[in-house]
Amino acid sequence: MSTGRKIALITGGSRGLGKDMALKTAAKGLDIVITYHSKKEEAEKVVAQIKESGQNAAALQLDTANVSGFDEFKNNLQQILKSEFNAEHIDFLVNNAGIGINEPLAETSEETFDLLTNIHLKGVFFLTQKLLDVINDGGGIVNISSGLARFTMPGYGIYGALKAGIESLTRYEAKEFGKRGIRANTIAPGAIETDFGGGLVRDNKQVNDHVKQSIVLERVGQASDIGGVVAFLCTEDAKWVNAQRIEVSGGQNI
Ligand code: NAP
């Protein structure tokens with residue numbers, strides 16, 4: 001029986017963009033399950049913050065690079081939905097978890113290629129496939145791409161190619177899942193000051209200045225610039241937004 005309450009699962013919600021997505025989506029009145037990879041304490045702080053705000057929340061461990069662990073994750077998710085949320089399904093899946101590795105094409109190893117591919121494309125594909133029957137009809141998928149799928153920055157060739165793949169995959173998801181009323185959209189953030197890529201954009205003044213001059217709003221993006229757009233996609237106001245790529249970059253490299 002539906003109570004009208006909605007639940008969003010956000011991967012990589014322990015920090016950075018995913019944390020802001022979790023807080024902003026909770027502020028729209030949704031309950032939240034976040035995942036973390038290694039930073040359990042950070043994830044628990046996000047859960048506590050959401051609970052303080054009056055919504056329900058929980059955190060689960062997940063390695064999106066390890067497809068063979070997805071059955072166990074699904075079991076854990078279903079258990080926690082039952083015990084903590086009195087629910088069997090989620091409404092929104094936000095595939096956000098990710099890492100950045102800067103390696104020129106000429107030096108990219110097969111190991112780096114495989115790790116990035118597992119996290120940014122294979123993991124997103126199979127996690128979504130695995131959770132299809134856990135997502136309610138009428139729900140939605142939000143895949144996090146990057147401005148680097150449209151423009152280039154040396155060292156991010158594989159990453160950019162994988163994010164371009166996610167954008168294409170999103171349109172196919174919209175096409176194939178639309179009959180269930182499930183919308184699929186991509187959010188493509190520009191360069192944001194987070195821990196991503198070792199905190200390069202935030203901590204390296206030269207990179208930070210370079211990024212700033214590429215953005216027409218004349219500042220580098222913050223995590224708080226992104227979450228609200230994802231949150232919007234998880235509301236009824238976005239019910240007719242489907243198969244779109246929404247870039248959230250302050251107008252970078254236009
Ligand atoms: P971040 O601050 O480094 O946070 C990364 C998040 O992903 C953390 O929650 C981390 O968990 C989780 N994670 C990392 N590896 C994982 C794995 N193997 N399995 C599961 N979870 C994993 O990065 P961010 O800047 O928020 O980036 C989030 C997403 O936005 C990524 O998909 C990234 O590609 C995309 N993006 C970022 C930027 C940017 O400039 N920051 C721009 C465009 C797109 P733990 O905390 O437990 O380690």
Side-chain angles (χ1 to χ4, degrees), residues 9-24 32-47 59-70 72-73 76 94-102 112 114-124 126-127 142-153 155-156 158-167 170 186-204 207-208 210-212 214-215 219-227 229-230 245-250 252-253:
L9 169 64
I10 300 170
T11 67
S14 44
R15 53 200 168 102
L17 307 188
K19 175 181 175 181
D20 191 61
M21 293 169 197
L23 296 175
K24 298 272 173 62
I32 308 290
V33 180
I34 57 167
T35 75
Y36 61 93
H37 182 219
S38 57
K39 298 201 182 308
K40 187 175 184 195
E41 277 182 24
E42 299 296 312
E44 281 170 355
K45 280 186 207 157
V46 177
V47 167
L60 288 172
Q61 203 277 337
L62 171 69
D63 179 359
T64 57
N66 180 21
V67 171
S68 66
F70 288 0
E72 189 186 345
F73 173 74
N76 293 340
V94 182
N95 286 303
N96 162 74
I99 61 165
I101 298 175
N102 187 304
T112 299
D114 285 345
L115 179 61
L116 286 173
T117 303
N118 287 343
I119 290 178
H120 286 288
L121 190 60
K122 188 177 174 185
V124 172
F126 283 106
L127 185 67
V142 182
N143 290 323
I144 305 306
S145 177
S146 168
L148 292 170
R150 176 177 64 80
F151 52 81
T152 58
M153 190 172 169
Y156 285 103
I158 301 307
Y159 174 83
L162 293 166
K163 290 299 199 186
I166 279 300
E167 294 184 4
T170 304
T186 305
I187 294 292
I192 314 290
E193 291 184 4
T194 68
D195 294 338
F196 182 80
L200 186 73
V201 169
R202 182 191 56 212
D203 301 338
N204 182 312
V207 174
N208 193 283
H210 175 75
V211 166
K212 191 170 158 183
S214 72
I215 296 176
R219 67 170 176 83
V220 179
Q222 303 297 317
S224 58
D225 293 318
I226 305 300
V229 187
V230 172
R245 174 192 195 268
I246 303 172
E247 188 169 307
V248 190
S249 69
Q252 190 172 358
N253 291 320

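Here the structure is a predicted model, which means the values were calculated and not measured. By convention here, the first residue in the shown sequence is residue 1. Indexing begins at 1, ligand by ligand and atom by atom, following the structure's order.
For ligand 1, none of its N or O atoms has an N or O atom of T35 under 3.5 Å away. Looking at ligand 1, you won't find any N or O of H120 less than 3.5 Å from one of its N or O atoms. Ligand 1 has no N or O atom lying under 3.5 Å from any N or O atom of I119, backbone or side chain.
At the shortest separation from atom 15 (N) of ligand 1 among protein heavy atoms lies I99 CG2, 3.5 Å. Counting protein heavy atoms only, atom 29 (C) of ligand 1 is closest to N96 O, 3.0 Å. At the shortest separation from atom 43 (C) of ligand 1 among protein heavy atoms lies P189 O, 3.2 Å. Here the protein heavy atom with the shortest distance to atom 8 (C) of ligand 1 is S14 OG, 3.6 Å. For atom 42 (C) of ligand 1, the closest non-hydrogen atom of the protein is G190 O, 3.1 Å.
Counting heavy atoms under 4.0 Å from ligand 1, residue K163 touches it through the side chain alone. Under 4.0 Å from ligand 1, not a single heavy atom of A188 appears. Looking at D63 against ligand 1, both its backbone and its side chain come within 4.0 Å, counting heavy atoms.
Residue L127 forms a side-chain contact (heavy atoms from CB on, under 4.5 Å) with just one option from T35, V67, L62, and that option is L62.
Atom CD of residue E167 and atom CD1 of residue I144 lie 11.0 Å apart, to the nearest 0.5 angstrom.
Ligand-side atoms of ligand 1 in range of S38: 45 (P), 47 (O), 48 (O), range being under 4.0 angstrom from any heavy atom.
Between the side chains of D20 and Q222, no donor N or O sits under 3.5 Å from an acceptor N or O.
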